[in-house]
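Just below is one structure, and these are the notes that go with it.
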Amino acid sequence: SPFDGNAAKQVRIESGLTRIGLARLVGYSGKKPEKTIQGIENGYIIPSTKPQGENSRAYLLWLKKQGYNPFGLYFEK
């Protein structure tokens, strides 16, 4: 996969967001929404090149807006 969890983590850190802050920003919910971000950053969860879920799309769009777009995604919303 062209997706690099470490690069995504660096983008998050440079933006000043915590895992839970980013999780809430893109709409992940539940008891521990930061676990999804942690899983992505640590390589346990690999984002899809064609994200179906609203939160996954929001997360990848957020990364894209920060300048990290490993899949060359074109969607804006």
Side-chain angles (χ1 to χ4, degrees):
S1 169
F3 188 86
D4 181 350
N6 287 323
K9 180 178 180 177
Q10 193 60 36
V11 168
R12 176 185 56 77
I13 290 169
E14 289 175 3
S15 75
L17 287 171
T18 61
R19 286 180 176 148
I20 196 161
L22 177 55
R24 288 179 176 156
L25 180 71
V26 299
Y28 289 114
S29 59
K31 287 187 176 181
K32 296 191 176 193
E34 71 278 10
K35 292 291 186 184
T36 300
I37 301 297
Q38 180 180 7
I40 292 169
E41 292 177 353
N42 291 337
Y44 302 123
I45 300 171
I46 307 297
S48 171
T49 57
K50 295 181 180 179
Q52 300 300 314
E54 189 175 317
N55 298 340
S56 295
R57 288 177 63 88
Y59 174 69
L60 290 174
L61 181 58
W62 180 84
L63 284 174
K64 179 181 173 183
K65 287 179 178 176
Q66 309 310 308
Y68 182 58
N69 188 14
F71 299 133
L73 300 174
Y74 296 104
F75 62 81
E76 297 296 329
K77 293 181 181 180

Rounded distance (nearest 0.5 Å) linking atom CD of Glu34 with atom CG of Leu17 | 13.5 Å
Val26 and Ala58 have their tightest heavy-atom pair at O-CB, 3.5 Å
Are Leu61 and Arg57 side-chain neighbours, meaning at least one heavy-atom pair lies under 4.5 Å?
-> no
Tell me, do Glu41 and Arg19 make a side-chain contact under 4.5 Å, heavy atoms counted?
-> yes
Residue pair Tyr28 / Ser56, side-chain heavy-atom distance below 4.5 Å = yes
Transitive ILVMFWY side-chain link Leu22 to Ile20, under 4.5 Å = no
Is Ile40 close to Tyr59 at the side-chain level, that is, under 4.5 Å between some pair of heavy atoms?
-> yes
State the CG-CG distance between Leu25 and Asn55, to the nearest 0.5 angstrom.
-> 11.0 Å
Distance, nearest 0.5 Å, that separates CD1 of Ile45 from NZ of Lys35 | 11.0 Å
Closest non-hydrogen atom pair between Phe71 and Pro47, with its separation | CZ-O, 3.5 Å
Distance (rounded to the nearest 0.5 Å) between Lys65 NZ and Leu63 CG | 11.5 Å
Heavy-atom check, side chain of Arg12 versus side chain of Lys9, under 4.5 Å = yes
Hey, does the side chain of Tyr68 reach the backbone of Asp4 with a donor-acceptor pair shorter than 3.5 angstrom?
-> yes
Closest non-hydrogen atom pair, Thr49 against Leu73 | O-CD2, 3.3 Å
Would you mind reporting whether Trp62 and Ser15 have side-chain heavy atoms less than 4.5 Å apart?
-> yes
